[in-house]
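Notes for the one structure printed next.
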Amino acid sequence: MNAPRRRDGDSTGGLLDGSTTFEELRERAIALRKEGMSRRQIRDRLKVSNNDILNRLLEGEPPPEWTKRPNAKDDLRARAREMRLQGMTYDRIQLELGCSKSSISLWVRDLPKPDRPTRTREEASAIAKRGWEATLRQREIERQRTKLAAEQEIGRLTDRELFLVGVGLYWSEGAKSKHYRPAERVIFTNSDPDMIKIYLAWLRLLGITPDHLRFHLMIHESADATSAERFWASLAGADAASFDKTSLKRHDPKTTRKNVGESYRGCLAVRVLNGADLYRRIEGWWYGIVVGAQSTD
(Lines give C-alpha, C1' and ligand atoms only; values in the text may rest on other atoms or scores of the structure.)
Protein backbone atom coordinates (compact mmCIF):
# COMPACT_ATOMS: atom_id res chain seq x y z
CA MET A 1 0.00 0.00 0.00
CA ASN A 2 1.38 3.40 -0.96
CA ALA A 3 1.98 5.91 1.86
CA PRO A 4 -0.07 9.14 1.76
CA ARG A 5 1.50 11.79 -0.46
CA ARG A 6 2.82 14.98 1.09
CA ARG A 7 2.35 18.00 -1.16
CA ASP A 8 5.01 20.69 -1.35
CA GLY A 9 4.34 23.44 1.13
CA ASP A 10 2.17 21.19 3.30
CA SER A 11 3.35 21.82 6.88
CA THR A 12 0.20 20.54 8.53
CA GLY A 13 1.96 17.72 10.31
CA GLY A 14 0.31 15.01 8.20
CA LEU A 15 -3.28 16.10 8.88
CA LEU A 16 -4.12 16.24 5.18
CA ASP A 17 -4.76 13.05 3.27
CA GLY A 18 -3.13 12.23 0.00
CA SER A 19 -5.92 13.69 -2.12
CA THR A 20 -6.33 17.06 -0.39
CA THR A 21 -3.94 20.00 -0.65
CA PHE A 22 -3.67 22.77 1.92
CA GLU A 23 -5.07 25.22 -0.63
CA GLU A 24 -8.14 23.03 -1.21
CA LEU A 25 -8.73 22.70 2.51
CA ARG A 26 -8.38 26.47 2.92
CA GLU A 27 -11.01 27.06 0.22
CA ARG A 28 -13.41 24.77 2.06
CA ALA A 29 -12.68 26.49 5.40
CA ILE A 30 -13.30 29.97 3.97
CA ALA A 31 -16.50 28.81 2.28
CA LEU A 32 -17.78 27.48 5.62
CA ARG A 33 -16.78 30.74 7.28
CA LYS A 34 -18.77 32.73 4.73
CA GLU A 35 -21.77 30.50 5.46
CA GLY A 36 -21.61 31.86 9.01
CA MET A 37 -19.91 29.00 10.86
CA SER A 38 -17.81 29.53 13.98
CA ARG A 39 -14.23 28.29 14.37
CA ARG A 40 -15.42 25.31 16.43
CA GLN A 41 -17.99 24.34 13.79
CA ILE A 42 -15.39 24.58 11.02
CA ARG A 43 -12.88 22.60 13.07
CA ASP A 44 -15.41 19.82 13.66
CA ARG A 45 -16.59 19.79 10.03
CA LEU A 46 -13.06 19.59 8.58
CA LYS A 47 -11.69 17.47 11.44
CA VAL A 48 -8.78 19.84 12.04
CA SER A 49 -7.66 19.62 15.68
CA ASN A 50 -4.56 21.84 15.41
CA ASN A 51 -5.36 25.51 16.21
CA ASP A 52 -2.28 26.78 14.37
CA ILE A 53 -3.41 25.07 11.18
CA LEU A 54 -6.96 26.37 11.67
CA ASN A 55 -5.54 29.91 12.02
CA ARG A 56 -3.70 29.50 8.71
CA LEU A 57 -6.79 28.13 6.99
CA LEU A 58 -8.89 31.13 8.07
CA GLU A 59 -6.20 33.80 7.77
CA GLY A 60 -7.62 37.06 6.44
CA GLU A 61 -11.26 35.91 6.63
CA PRO A 62 -13.26 37.90 9.22
CA PRO A 63 -15.56 36.02 11.60
CA PRO A 64 -19.34 36.27 11.15
CA GLU A 65 -21.09 38.97 13.15
CA TRP A 66 -22.91 36.55 15.45
CA THR A 67 -19.62 35.18 16.83
CA LYS A 68 -18.37 38.59 17.90
CA ARG A 69 -18.91 39.05 21.62
CA PRO A 70 -19.91 42.64 22.47
CA ASN A 71 -17.62 44.38 24.92
CA ALA A 72 -19.85 45.67 27.71
CA LYS A 73 -17.31 48.36 28.56
CA ASP A 74 -17.02 49.91 25.09
CA ASP A 75 -19.87 52.33 25.82
CA LEU A 76 -18.47 53.22 29.23
CA ARG A 77 -15.05 53.83 27.70
CA ALA A 78 -16.50 56.21 25.10
CA ARG A 79 -18.46 58.10 27.76
CA ALA A 80 -15.43 58.30 30.02
CA ARG A 81 -13.32 59.83 27.22
CA GLU A 82 -16.04 62.32 26.40
CA MET A 83 -16.29 63.40 30.04
CA ARG A 84 -12.51 63.69 30.32
CA LEU A 85 -12.45 65.97 27.28
CA GLN A 86 -15.02 68.11 29.10
CA GLY A 87 -12.46 68.59 31.88
CA MET A 88 -13.84 66.12 34.42
CA THR A 89 -11.55 64.46 36.98
CA TYR A 90 -11.26 60.74 37.67
CA ASP A 91 -13.34 61.24 40.81
CA ARG A 92 -16.18 62.86 38.87
CA ILE A 93 -16.09 60.24 36.10
CA GLN A 94 -16.12 57.45 38.66
CA LEU A 95 -19.05 59.05 40.43
CA GLU A 96 -21.02 59.35 37.19
CA LEU A 97 -20.21 55.98 35.62
CA GLY A 98 -19.43 53.71 38.58
CA CYS A 99 -16.18 52.51 36.98
CA SER A 100 -12.97 51.89 38.86
CA LYS A 101 -10.26 54.55 38.64
CA SER A 102 -7.82 52.02 37.18
CA SER A 103 -10.15 51.42 34.21
CA ILE A 104 -10.72 55.15 33.72
CA SER A 105 -6.97 55.75 33.76
CA LEU A 106 -6.42 53.20 30.97
CA TRP A 107 -9.21 54.67 28.85
CA VAL A 108 -8.23 58.35 29.03
CA ARG A 109 -4.48 58.35 29.67
CA ASP A 110 -3.73 59.76 26.21
CA LEU A 111 -6.02 62.77 26.79
CA PRO A 112 -4.88 66.10 28.30
CA LYS A 113 -5.24 66.46 32.06
CA PRO A 114 -7.80 69.02 33.25
CA ASP A 115 -6.93 71.70 35.77
CA ARG A 116 -7.46 70.30 39.24
CA PRO A 117 -9.62 72.38 41.60
CA THR A 118 -8.26 73.09 45.06
CA ARG A 119 -9.97 70.92 47.67
CA THR A 120 -9.67 70.41 51.38
CA ARG A 121 -8.86 66.94 52.73
CA GLU A 122 -12.47 66.53 53.84
CA GLU A 123 -13.83 67.46 50.41
CA ALA A 124 -11.48 65.05 48.68
CA SER A 125 -12.44 62.27 51.09
CA ALA A 126 -16.16 62.90 50.54
CA ILE A 127 -15.75 62.79 46.75
CA ALA A 128 -13.73 59.59 46.95
CA LYS A 129 -16.40 58.01 49.16
CA ARG A 130 -19.18 58.93 46.73
CA GLY A 131 -17.12 57.55 43.86
CA TRP A 132 -16.56 54.27 45.67
CA GLU A 133 -20.27 53.99 46.49
CA ALA A 134 -21.08 54.50 42.81
CA THR A 135 -18.59 51.76 41.91
CA LEU A 136 -20.22 49.39 44.38
CA ARG A 137 -23.67 50.12 42.95
CA GLN A 138 -22.43 49.40 39.43
CA ARG A 139 -20.79 46.17 40.58
CA GLU A 140 -24.03 45.07 42.23
CA ILE A 141 -25.95 45.76 39.01
CA GLU A 142 -23.43 43.68 37.04
CA ARG A 143 -23.53 40.93 39.67
CA GLN A 144 -27.32 40.68 39.53
CA ARG A 145 -27.28 40.77 35.72
CA THR A 146 -24.81 37.88 35.62
CA LYS A 147 -26.81 35.85 38.14
CA LEU A 148 -30.06 36.40 36.21
CA ALA A 149 -28.46 35.37 32.91
CA ALA A 150 -27.01 32.24 34.55
CA GLU A 151 -30.39 31.38 36.09
CA GLN A 152 -32.08 31.58 32.69
CA GLU A 153 -29.49 29.18 31.23
CA ILE A 154 -30.80 26.34 33.42
CA GLY A 155 -34.50 26.18 32.54
CA ARG A 156 -36.73 23.32 33.66
CA LEU A 157 -34.92 20.24 34.97
CA THR A 158 -35.68 16.82 33.54
CA ASP A 159 -36.29 13.96 35.98
CA ARG A 160 -32.82 12.58 35.24
CA GLU A 161 -31.18 15.94 35.87
CA LEU A 162 -32.98 16.31 39.19
CA PHE A 163 -32.02 12.74 40.05
CA LEU A 164 -28.30 13.39 39.47
CA VAL A 165 -28.43 16.73 41.29
CA GLY A 166 -30.09 15.04 44.28
CA VAL A 167 -27.47 12.30 44.46
CA GLY A 168 -24.66 14.84 44.48
CA LEU A 169 -26.52 17.01 46.96
CA TYR A 170 -27.00 14.15 49.39
CA TRP A 171 -23.42 12.92 49.13
CA SER A 172 -22.23 16.46 49.85
CA GLU A 173 -24.51 17.30 52.77
CA GLY A 174 -26.17 14.06 53.89
CA ALA A 175 -25.18 11.61 56.63
CA LYS A 176 -22.75 8.88 55.47
CA SER A 177 -21.76 5.56 56.93
CA LYS A 178 -18.14 5.43 58.18
CA HIS A 179 -15.92 2.41 58.60
CA TYR A 180 -15.48 3.37 62.24
CA ARG A 181 -19.22 4.04 62.70
CA PRO A 182 -21.37 2.01 60.31
CA ALA A 183 -24.84 3.54 60.06
CA GLU A 184 -26.94 3.20 56.92
CA ARG A 185 -29.34 6.04 57.60
CA VAL A 186 -30.69 8.66 55.20
CA ILE A 187 -30.49 12.00 57.02
CA PHE A 188 -30.01 15.35 55.28
CA THR A 189 -29.32 18.46 57.38
CA ASN A 190 -29.09 22.04 56.14
CA SER A 191 -29.97 25.61 57.04
CA ASP A 192 -30.56 26.76 53.45
CA PRO A 193 -34.29 26.62 52.58
CA ASP A 194 -33.54 26.20 48.87
CA MET A 195 -31.33 23.18 49.57
CA ILE A 196 -34.14 21.62 51.61
CA LYS A 197 -36.64 22.33 48.80
CA ILE A 198 -34.46 20.59 46.21
CA TYR A 199 -33.82 17.65 48.52
CA LEU A 200 -37.53 17.16 49.21
CA ALA A 201 -38.28 17.37 45.47
CA TRP A 202 -35.64 14.67 44.92
CA LEU A 203 -37.21 12.41 47.56
CA ARG A 204 -40.60 12.83 45.87
CA LEU A 205 -38.99 11.83 42.57
CA LEU A 206 -37.71 8.67 44.27
CA GLY A 207 -41.22 7.87 45.46
CA ILE A 208 -40.63 8.64 49.15
CA THR A 209 -44.00 9.55 50.64
CA PRO A 210 -44.53 12.11 53.45
CA ASP A 211 -45.42 9.40 56.00
CA HIS A 212 -41.84 8.09 55.66
CA LEU A 213 -40.28 11.43 56.66
CA ARG A 214 -39.39 12.86 60.05
CA PHE A 215 -38.06 16.36 60.72
CA HIS A 216 -35.84 17.66 63.49
CA LEU A 217 -35.04 21.33 64.08
CA MET A 218 -31.78 22.40 65.73
CA ILE A 219 -31.56 26.08 66.69
CA HIS A 220 -29.84 28.40 69.17
CA GLU A 221 -31.83 29.03 72.33
CA SER A 222 -31.58 32.80 71.78
CA ALA A 223 -33.54 32.54 68.51
CA ASP A 224 -37.29 32.39 67.97
CA ALA A 225 -37.72 28.61 67.88
CA THR A 226 -41.52 28.70 67.54
CA SER A 227 -41.35 30.93 64.48
CA ALA A 228 -38.65 28.72 62.96
CA GLU A 229 -40.76 25.60 63.52
CA ARG A 230 -43.68 27.21 61.67
CA PHE A 231 -41.40 28.28 58.84
CA TRP A 232 -39.90 24.83 58.23
CA ALA A 233 -43.26 23.07 58.60
CA SER A 234 -44.74 25.35 55.95
CA LEU A 235 -41.78 24.90 53.61
CA ALA A 236 -41.84 21.11 53.95
CA GLY A 237 -45.63 20.89 53.77
CA ALA A 238 -45.57 18.77 56.94
CA ASP A 239 -47.71 18.74 60.09
CA ALA A 240 -46.51 18.96 63.69
CA ALA A 241 -46.65 15.19 64.13
CA SER A 242 -43.80 14.80 61.65
CA PHE A 243 -41.48 16.96 63.79
CA ASP A 244 -39.41 15.61 66.65
CA LYS A 245 -38.74 17.77 69.68
CA THR A 246 -36.65 20.78 68.76
CA SER A 247 -33.03 20.78 69.99
CA LEU A 248 -31.92 24.07 71.54
CA LYS A 249 -28.23 24.94 71.39
CA ARG A 250 -26.87 26.70 74.45
CA HIS A 251 -25.62 30.22 73.88
CA ASP A 252 -21.89 30.72 74.48
CA PRO A 253 -21.28 34.37 75.43
CA LYS A 254 -17.65 34.02 74.33
CA THR A 255 -18.74 33.33 70.76
CA THR A 256 -19.73 36.12 68.38
CA ARG A 257 -22.34 34.59 66.10
CA LYS A 258 -23.03 35.91 62.62
CA ASN A 259 -26.18 33.82 62.01
CA VAL A 260 -28.58 36.08 63.89
CA GLY A 261 -31.68 38.10 63.01
CA GLU A 262 -34.98 37.23 61.35
CA SER A 263 -33.31 35.22 58.58
CA TYR A 264 -31.80 32.76 61.07
CA ARG A 265 -34.05 29.71 61.41
CA GLY A 266 -31.60 27.06 62.56
CA CYS A 267 -30.86 23.79 60.75
CA LEU A 268 -33.47 21.28 59.64
CA ALA A 269 -32.68 17.56 59.57
CA VAL A 270 -34.82 15.43 57.26
CA ARG A 271 -34.76 11.69 58.06
CA VAL A 272 -36.19 8.89 55.90
CA LEU A 273 -37.66 6.10 58.00
CA ASN A 274 -36.33 2.58 57.34
CA GLY A 275 -33.84 4.11 54.92
CA ALA A 276 -31.08 1.45 54.89
CA ASP A 277 -31.95 0.18 51.41
CA LEU A 278 -32.25 3.74 50.07
CA TYR A 279 -28.88 4.61 51.60
CA ARG A 280 -27.21 1.68 49.82
CA ARG A 281 -28.72 2.79 46.52
CA ILE A 282 -27.57 6.40 47.09
CA GLU A 283 -24.03 5.17 47.72
CA GLY A 284 -24.17 3.07 44.58
CA TRP A 285 -25.58 5.94 42.52
CA TRP A 286 -22.82 8.23 43.74
CA TYR A 287 -20.03 5.85 42.77
CA GLY A 288 -21.77 5.28 39.47
CA ILE A 289 -21.46 9.04 38.86
CA VAL A 290 -17.78 8.91 39.85
CA VAL A 291 -17.07 6.08 37.41
CA GLY A 292 -19.14 7.73 34.70
CA ALA A 293 -17.26 11.02 35.06
CA GLN A 294 -13.88 9.24 34.83
CA SER A 295 -14.92 7.42 31.65
CA THR A 296 -15.26 10.80 29.87
CA ASP A 297 -11.54 11.61 30.31
Side-chain angles (χ1 to χ4, degrees), residues 33 36-43 51 55 58 62-117 119 121-158 161-162 164-166 168-169 172-173 190-199 201 231 235 256-265 293:
R33 191 60 147 172
M37 288 192 180
S38 66
R39 286 173 58 89
R40 178 182 292 273
Q41 291 171 326
I42 295 172
R43 184 190 67 188
N51 283 328
N55 290 339
L58 297 174
E65 288 298 322
W66 72 268
T67 65
K68 297 179 181 178
R69 297 181 179 178
N71 188 338
K73 290 191 175 181
D74 283 349
D75 182 55
L76 289 177
R77 179 181 181 275
R79 292 170 61 191
R81 290 181 63 83
E82 180 181 349
M83 294 168 73
R84 187 63 165 178
L85 289 173
Q86 295 174 2
M88 294 188 184
T89 63
Y90 286 1
D91 289 333
R92 178 68 183 280
I93 297 173
Q94 182 189 39
L95 183 61
E96 294 289 335
L97 301 183
C99 308
S100 67
K101 287 188 179 180
S102 59
S103 295
I104 296 171
S105 176
L106 287 174
W107 296 339
V108 306
R109 60 186 175 184
D110 60 315
L111 300 179
K113 297 181 180 179
D115 295 332
R116 292 182 176 275
R119 298 193 185 101
R121 185 188 298 270
E122 292 74 15
E123 289 173 337
S125 177
I127 291 174
K129 181 180 179 181
R130 291 198 300 272
W132 179 241
E133 290 172 348
T135 297
L136 292 179
R137 287 194 298 271
Q138 183 63 31
R139 287 182 182 178
E140 181 60 26
I141 292 172
E142 293 175 358
R143 183 181 297 111
Q144 294 302 326
R145 184 183 297 123
T146 300
K147 289 167 62 176
L148 179 60
E151 176 187 339
Q152 293 173 343
E153 289 174 0
I154 299 300
R156 183 178 179 83
L157 295 185
T158 64
E161 289 169 339
L162 177 58
L164 294 175
V165 168
L169 192 65
S172 298
E173 299 290 328
N190 212 271
S191 62
D192 186 339
D194 290 334
M195 295 276 271
I196 297 293
K197 285 180 182 178
I198 295 174
Y199 179 68
F231 171 82
L235 182 139
T256 302
R257 290 176 42 226
K258 302 294 184 181
N259 54 342
V260 295
E262 294 181 359
S263 61
Y264 171 64
R265 303 183 181 95

Quick one: [atom1] on [X] to [atom2] on [Y], what's the gap to the nearest 0.5 Å?
{"X": "D192", "Y": "I198", "atom1": "CG", "atom2": "CD1", "answer": "8.0 Å"}
{"X": "M88", "Y": "E82", "atom1": "CE", "atom2": "CD", "answer": "8.5 Å"}
{"X": "S102", "Y": "Y90", "atom1": "OG", "atom2": "OH", "answer": "10.5 Å"}
{"X": "S105", "Y": "Q94", "atom1": "OG", "atom2": "CD", "answer": "12.0 Å"}

Output side-chain donor-acceptor pairs under 3.5 Å for residues 125-134, partner residues at least two apart or in another chain, one line each.
none

Quiz prompt | Side-chain ion pair, R143 and E140, N-O less than 4.0 Å | solution = yes

Would you say [X] and [Y] make side-chain contact, with heavy atoms under 4.5 Å?
{"X": "L148", "Y": "Q152", "value": "yes"}
{"X": "Q138", "Y": "L97", "value": "no"}
{"X": "L76", "Y": "R79", "value": "yes"}

Atom of [X], atom of [Y] and distance for their closest heavy-atom approach:
{"X": "M195", "Y": "E173", "value": "CE-CG, 3.8 Å"}
{"X": "E161", "Y": "R156", "value": "OE1-O, 4.0 Å"}
{"X": "L157", "Y": "I154", "value": "CD2-CG2, 3.9 Å"}
{"X": "L235", "Y": "P193", "value": "CD1-CB, 3.6 Å"}
{"X": "R84", "Y": "T89", "value": "NH1-CA, 3.7 Å"}

Quiz item: Has R81 got more than 12 heavy atoms of other residues, nucleotides or ligands less than 6.0 Å from its CZ?
Solution: yes

